[in-house]
Amino acid sequence: MSGGLRVTADKDTGVAVLTLDRPAKLNAIDLDTAAELAAAWREFRFDDTVRAVVITGAGTRAFCTGIDRDVVVPQPDSPYMVDDPLVAIGPKANDLWKPVIAAVNGIACGGAFYLLGEAEFVVADEAATFFDPHTTYGMVSAYESIYMAQRMPFGEVARMALMGTAERVSARRAYEVGLVSELTAPGAALGAAVDCAAVIASYPVEAVQGTVRALWLAKEAARAQALAHAPQLVSLGNLPGERQAGLFTARRPGFRLR
């Protein structure tokens with residue numbers, strides 16, 4: 001594959017690594033990268049040499065900052081139809097039930113939660129931070145909040161979504177509330193995630209994939225029901241594009257790290 005996604009696979013360990021490779025854009029996802037992600041997950045369904053996957057971001061500044069703000073996504077003139085270019089970027093959205101581990105370096109915000117929300121668990125280095133900017137810029141945090149509500153206590157998700165750009169959740173706090181399963185030294189998250197993936201990939205495939213499916217079945221009904229309402233919440237609550245643009249260009253004070 002070419003473009004914004006780099007794919008490597010170790011046939012000996014059975015571990016593939018997907019790297020969002022747009023560091024100059026803080027690994028924000030454009031339409032090509034979104035399509036590449038969906039294609040990669042679907043290809044892994046048929047590749048029996050890949051038994052576990054790690055998703056990460058290139059460079060040290062960011063794991064992913066969500067949708068690239070330069071992307072133009074035309075929308076139908078109806079509150080009942082919403083085109084979301086990120087809705088199919090995750091493994092579960094593409095019917096992949098092989099274990100996926102996220103290795104987070106730097107910033108993970110907004111649309112990055114589509115990926116974190118569909119990983120089995122998250123490894124992060126101590127310099128990682130998490131936040132959701134949607135409300136600050138006049139957008140509804142629907143999908144993002146739904147994904148994070150599956151992984152974090154309600155109050156923590158609510159605070160992150162509602163405080164917008166005024167706060168960032170430190171890697172240490174994310175570990176304390178359960179979003180992150182392991183903290184590493186700066187720059188070591190990818191290696192730690194690959195080590196975990198290699199262990200999991202060494203186990204019998206049938207048992208591993210059955211366990212992954214069982215884990216997701218435990219919360220699938222509530223998740224599916226919530227996601228079904230997300231497009232309408234976004235359509236009704238998002239400000240028009242020109243008003244969003246004004247909020248993006250407005251100067252804002254710095255953020256608090258907690």
Side-chain angles (χ1 to χ4, degrees), residues 1-22 27-58 63-64 66-68 71 83-104 108 111-123 143 146-147 150-151 181 189-221 223-224 227-228 230:
M1 289 186 180
S2 62
L5 186 68
R6 181 163 26 102
V7 182
T8 60
D10 186 327
K11 302 300 183 182
D12 293 327
T13 64
V15 176
V17 177
L18 295 185
T19 304
L20 299 170
D21 197 11
R22 306 183 76 222
N27 297 320
I29 298 171
D30 62 5
L31 297 182
D32 288 341
T33 307
E36 288 178 348
L37 278 164
W41 299 125
R42 297 198 70 80
E43 286 177 16
F44 288 150
R45 295 170 71 237
F46 296 93
D47 188 348
D48 292 338
T49 67
V50 173
R51 300 184 295 279
V53 184
V54 174
I55 177 82
T56 193
F63 167 76
C64 175
I67 189 73
D68 188 328
V71 168
D83 284 348
D84 184 341
L86 302 187
V87 74
I89 64 169
K92 308 306 179 288
N94 287 283
D95 199 36
L96 178 73
W97 302 100
K98 297 180 180 183
V100 176
I101 303 168
V104 177
F113 297 162
Y114 286 67
L115 294 171
L116 300 187
E118 292 197 0
E120 269 57 64
F121 58 90
V122 177
V123 176
Y143 290 96
I146 290 167
Y147 282 123
Q150 304 286 315
R151 312 203 75 114
S181 67
L190 177 57
V194 168
D195 287 345
C196 289
V199 170
I200 297 168
S202 73
Y203 297 153
V205 169
E206 297 86 350
V208 168
Q209 292 183 18
T211 299
V212 169
R213 197 68 187 94
L215 286 165
W216 286 87
L217 282 170
K219 56 184 179 180
E220 194 165 83
R223 177 172 169 269
L227 289 173

Sub-4.5 Å side-chain heavy-atom contact between L37 and I29: yes
Stepwise side-chain contact (heavy atoms from CB on, under 4.5 Å) check, R223 with Y147: CA-CA 8 Å; R223 177 172 169 269; Y147 282 123; 3.7 Å; yes
Contact check, side chains of P85 and I67, non-hydrogen atoms, under 4.5 Å: yes
Flag side-chain contact, heavy atom, 4.5 Å: L116 against F121: no
Close side-chain approach of T211 to W216, heavy-atom, < 4.5 Å: no
Side chain to side chain contact (heavy atoms under 4.5 Å, CB included) partner of I200, the single match among V15, D195, V208: V208
Any L20 side-chain heavy atom under 4.5 Å of L115 side chain: yes
Salt bridge (Lys or Arg N to Asp or Glu O under 4.0 Å) evaluation trace for E220 with R213: CA-CA 10 Å; E220 194 165 83; R213 197 68 187 94; 3.0 Å; yes
Flag, side chain of K98 to backbone of Q209, donor-acceptor distance under 3.5 Å: no
V122 and V104: CA distance, side-chain angles, deciding distance, side-chain contact (heavy atoms from CB on, under 4.5 Å) verdict: CA-CA 7 Å; V122 177; V104 177; 3.7 Å; yes
Side-chain (Q150) to main-chain (G117) donor-acceptor, under 3.5 angstrom: no
Non-neighbouring partners of D48 that pass salt bridge (Lys or Arg N to Asp or Glu O under 4.0 Å), sequence neighbours left out: none
Non-hydrogen atoms of G4 and T33 that approach each other most closely: CA-OG1, 3.4 Å
Side chain N27, main chain R22, donor-acceptor under 3.5 Å: yes
Spacing of OG belonging to S181 relative to CD1 belonging to I101, to within rounding of 0.5 Å: 8.0 Å
Electrostatic pair K11-D47, nearest N-O below 4.0 angstrom: yes
W41 side-chain N/O to D95 backbone N/O, donor-acceptor pair under 3.5 Å: no
Beyond-backbone contact of L190 with V54, side-chain heavy atoms, under 4.5 angstrom: yes
R51 (side chain) donor-acceptor with A16 (main chain) under 3.5 angstrom: no
Verdict with supporting geometry, E120 and K92, salt bridge (Lys or Arg N to Asp or Glu O under 4.0 Å): CA-CA 10 Å; E120 269 57 64; K92 308 306 179 288; 3.0 Å; yes
Aromatic ring proximity Y143/F113, centre distance under 6.0 Å: no
Atom of L5, atom of A40 and distance for their closest heavy-atom approach: CD2-CB, 4.1 Å
Step-by-step side-chain contact (heavy atoms from CB on, under 4.5 Å) determination, V17 to T19: CA-CA 6 Å; V17 177; T19 304; 3.7 Å; yes
Sidechain-backbone polar pair: R42 side chain, N94 backbone, donor-acceptor under 3.5 Å: yes
Residue pair V50 / A9: nearest heavy atoms and the distance that separates them: CG2-CB, 4.4 Å
N/O donor-acceptor pair under 3.5 Å between T56 side chain and A103 backbone: yes
Closest heavy-atom pair and its distance - T13, A201: O-CB, 3.2 Å
